[in-house]
Amino acid sequence: GGLDRQENAKIGLIQFCLSPPKTDLENQVIVSDYAQMDRVLKEERKYILKLCKKIKAAGCNVLLIQKSILRDAVNEMSLHFLAKMKIMVVKDVERDDIECIRDQ
């Protein structure tokens, strides 16, 4: 459901993941009931929506996201929010390309 064309582009460039933060590799989160799971999902949703709103408030309507080597740079929930906000997303942009774009 994302956009594939944008008139009068105002390009934003991010070099961080637009997905919920992950725990350290040594730690585990154990969810023992549905209420806890629901609370975790609501917190993730709230976190992602806050980031998307900040991107929208910056006036961006095309967002370039740098490729992450550790995990997915963007998740389905953030793509959904950005599409609703009419922000076109180009994901997994290589680091070398980011540097070239940034220097323009």
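Going from atom SG of Cys52 over to atom CG of Leu18 covers 5.0 Å, rounded to the nearest 0.5 Å. Rounding to the nearest 0.5 Å places NZ of Lys46 at 5.0 Å from CD of Glu43. Note: Leu63 CG to Ser78 OG = 9.0 Å, rounded to the nearest 0.5 Å. Within the model, atoms CG of Leu64 and CE of Met88 stand 8.5 Å from one another, a figure rounded to the nearest 0.5 Å. Note that the CE atom of Met77 and the CG atom of Leu41 stand 6.5 Å from one another [nearest 0.5 Å]. Note that NE2 of His80 is 11.5 Å distant from CG of Asn75, once rounded to the nearest 0.5 Å.
For Lys54, the salt bridge (Lys or Arg N to Asp or Glu O under 4.0 Å) criterion is met by no residue, not counting sequence neighbours. Asp33 pairs by the side-chain contact (heavy atoms from CB on, under 4.5 Å) definition with Ala35, Gln36, not counting sequence neighbours. Taking the side-chain contact (heavy atoms from CB on, under 4.5 Å) definition, one finds that Lys67 meets it with Asp92, Glu94, sequence neighbours left out. Qualifying side-chain hydrogen bond (donor to acceptor under 3.5 Å, both in side chains) partners for Glu44, counting only residues two or more places apart in sequence or in other chains: none.
The salt bridge (charged side-chain N to carboxylate O under 4.0 Å, His left out) pairs that include a residue from residues 73-83 number zero, where partners must be two or more places apart or lie in different chains. Contacts classified as side-chain hydrogen bond (donor to acceptor under 3.5 Å, both in side chains) and involving residues 9-19 (residues at least two apart or in different chains) are given here: Gln15-Gln66, Ser19-Arg71.
Arg45 is listed as a side-chain neighbour of Phe81, based on a closest heavy-atom distance under 4.5 Å.
Of the residues listed (Val93, Ile14, Leu13), the one engaging Ile65 in a side-chain contact (heavy atoms from CB on, under 4.5 Å) is Ile14, and it is the only one.
Summarising the local packing, CZ of Phe16 is surrounded by more than 12 heavy atoms from other residues, nucleotides or ligands at distances under 6.0 Å.
Judged purely by atom type and a 3.5 angstrom limit, Ser68 has no side-chain atom pairing as donor or acceptor with the backbone of Cys17. Under a 3.5 Å cut-off, the side chain of Lys56 and the backbone N or O of Met85 do form a donor-acceptor pair.
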